Amino acid sequence: MDKKDCLTVNQLTRYIKRKFDFDPYLQKNLWIVGKLTNFKQRARHQYFSLKDDDAPEDQQTVIDAVMFSSDWEKVDFTPENGMEIILGGKVTVYEKTGRYQFYVNRMLPVGVSAAQLAFQETYKKLKASGVFSHAQNPRPLNRFPKRIAIVTSNDGAVKHDMITRIRNNNPLAQVVFYPTQVQGERAAEDLARQIQRVGINGTFDTLIVARGGGSEEDLMPFNSEIVARAVAASPIPVISGVGHETDTTICDLAADYRAQVPGLAAEMATQLHLIDILTELQSARTQMAHTIQNRLQQANQQLQVLTSSYVFSQPSRLYEGEQQYVDQLTEKLQQSMQWRLTQTSHAWQRLLDGLLLNAPANRLQQNRQQLSQLQQAMIHAMDKQLLSAGDRFKSLLSQLDSLSPLKVMARGYSYVTKEDKVVASTKQLQLDDQVALHFSDGTAEAVIKKIDKR
């Protein structure tokens, strides 16, 4: 045979892998059961094998399995070799070795039912979205509820048991039933719809979601996501009483309070019994009557003590000191008023004197006298100023006359001019210059013949 007509190992492995990957039965979420073997926990991905436990030793089949770290983190128990477990996943071929193996995405110990698997899946999803927040921080119940809504089946002993308990505890509370299916395919939707109706009504203090015991399959509607979200979205506190004492549903975890049985849910909704309240009121009434009687006795004793005191026997003594104090204040007030009147009279007289002093006729007379005095003073000052000015004028004339050049020239002095200009220095003269000599009684002309400079 020619080599061209043969498949390579890689081609054959790839073809087989393609067959595995496109097989609808091998790629859907398969569940297989067997005994765990070759398991050794690793830091991240887990590699192990699963073999048939029921087959004879010589006929036991082994399949390799791998579980990646993202799926391994969800395993909530410790696997051990020899343990019977259930694996969920798909089958494919690992091309490098050519071996088929099981890719695991879920690992459960044997004994876990489908209902438990659904419970775990729904619980993880709802917990991550915060649906169970009311259970961690429950809203307080109304101590005296006026209206209680109950979502449960219209048939059965659960309904009558809750009615009896609520009426025994608090006959004044009004109970309104919202009948619903509690099992079956449409039960979850019916439950959620009735829970939402209670919230929309807006007149209830408390909501009870209840159902009697049953199998895991019977309780599945109370483990559904739609019911849990309806309970979490309720605007009023929710009490969940589903199943028996050992049953725990997702509805219980989403509610504010959980009752072990439906009857206890009715007890929780009416936690303060009306009979107990009436008994407490009667006890409080009796105690109040005793307290009032004691207070009255004490008040009568105090009244007797007060009536025997001098205040009531001689009431005038009560205000003697105050009357004396009033007399003192009256006398002081009169003195103060007299002083104020005197001060006011003096002030008025001063104002009157000032008004008379500043009357227009008086002011006019004063101004006239002042004007006459100013005129006389001005005439006297002018005469004095004229005399002083005349004396000064004569003195200045005398000084001017004594300083006159004519008197100096009369004593034999003269001055020289050249071309009508006074000659004050020999530097202004030259030989043969024509000059004029000025005397007190006339002038004479001369010619410069000699110049002696100093």
Side-chain angles (χ1 to χ4, degrees), residues 74 76-77 106 108-109 111-139 141 148-162 165 177-199 204 206-269:
K74 302 175 184 177
D76 54 3
F77 70 99
R106 294 293 304 277
L108 301 169
V112 177
S113 64
Q116 290 174 319
L117 291 175
F119 179 93
Q120 293 177 4
E121 297 236 353
T122 306
Y123 173 79
K124 291 178 181 179
K125 179 179 180 181
L126 295 178
K127 183 178 181 181
S129 61
V131 171
F132 303 136
S133 58
H134 285 319
Q136 299 172 358
N137 188 21
R139 293 167 288 186
L141 294 172
I148 300 173
I150 301 179
V151 176
T152 188
S153 173
N154 200 28
D155 301 324
V158 170
K159 175 180 177 181
H160 301 291
D161 180 40
M162 288 193 292
R165 297 200 185 204
F177 278 92
Y178 283 77
T180 179
Q181 298 182 32
V182 294
Q183 65 184 56
E185 294 182 358
R186 301 180 59 85
E189 295 180 0
D190 201 18
L191 279 165
R193 181 176 59 83
Q194 294 292 60
I195 293 171
Q196 292 170 355
R197 286 185 60 198
V198 173
F204 294 100
T206 308
L207 167 61
I208 299 176
V209 180
R211 180 215 148 90
S215 63
E216 289 183 350
E217 289 73 15
D218 293 339
L219 298 179
M220 284 183 65
F222 296 89
N223 289 324
S224 64
E225 179 179 352
I226 187 175
V227 172
R229 292 192 180 276
V231 169
S234 172
I236 60 175
V238 181
I239 303 174
S240 176
V242 180
H244 297 299
E245 183 176 351
T246 56
D247 297 324
T248 300
T249 65
I250 289 179
C251 178
D252 296 333
L253 301 176
D256 295 88
Y257 302 92
R258 175 182 178 259
Q260 296 176 343
V261 292
L264 290 180
E267 296 281 351
M268 292 175 66

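Reckoned from all heavy atoms, side chains included, excluding hydrogens, waters and symmetry mates. Computed from a prediction, not measured in an experiment: that's the story for all the values here.
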Taking the inter-plane angle between the rings of Phe132 and Tyr123 on a 0 to 90° scale, is it parallel (under 30°), tilted (30 to 60°) or perpendicular (over 60°)?
parallel
With no hydrogens and no angle check, is any side-chain donor or acceptor of Gln196 less than 3.5 Å from a backbone partner on Ala230?
no
Candidate pair Arg165 and Leu264, rule side chain to side chain contact (heavy atoms under 4.5 Å, CB included), full reasoning
CA-CA 9 Å; Arg165 297 200 185 204; Leu264 290 180; 4.2 Å; yes
Report the distance from atom CG of Asn154 to atom NZ of Lys159, rounding to the nearest 0.5 Å.
4.0 Å
Under 4.5 Å between any side-chain heavy atoms of Ser129 and Arg229, yes or no?
yes
Note: Pro237 and Leu141 closest approach over all heavy atoms is CB-CD2, 3.7 Å
Which heavy atom of Gly213 sits nearest a heavy atom of His244, and at what distance?
CA-NE2, 3.2 Å
Step through the shown structure and confirm whether more than 12 heavy atoms of other residues, nucleotides or ligands are within 6.0 Å of NZ on Lys124.
yes
Minimum heavy-atom distance between Phe204 and Ile236, given as atom pair plus value:
O-CG2, 3.5 Å
Would you say the side-chain atoms of Arg211 pair up with the backbone N or O of Val182, donor to acceptor, closer than 3.5 Å?
yes
Between Gly243 and Pro262, the two heavy atoms sitting closest are O-CD, 3.9 Å
Could you measure the distance from the OG atom of Ser224 to the CG atom of Leu219? Nearest 0.5 Å is fine.
11.5 Å
So which heavy atom on Val198 is nearest to which on Ala149, and how close?
CG1-CB, 3.6 Å
Heavy-atom neighbours of Arg139 CZ exceed 12 at 6.0 Å:
yes
Atom OG1 in Thr180, atom CD1 in Ile150: separation rounded to 0.5 Å?
13.5 Å
Are Val238 and His134 side-chain neighbours, meaning at least one heavy-atom pair lies under 4.5 Å?
no
Please round to the nearest 0.5 Å and tell me the distance separating atom CD1 of Ile195 and atom CG of Asp190.
10.0 Å
Closest heavy-atom contact between Val131 and Ala228?
CG1-O, 3.8 Å
Gap between atom CZ of Arg197 and atom CG of Leu207 - 0.5 Å precision
12.5 Å
Let me confirm one number: the CG-CD1 distance from Asn223 to Ile250, rounded to the nearest 0.5 Å.
5.0 Å
When you measure from the side chain of Asp161 to the backbone of Val158, do you find a donor-acceptor pair of N or O atoms at a distance under 3.5 Å?
no
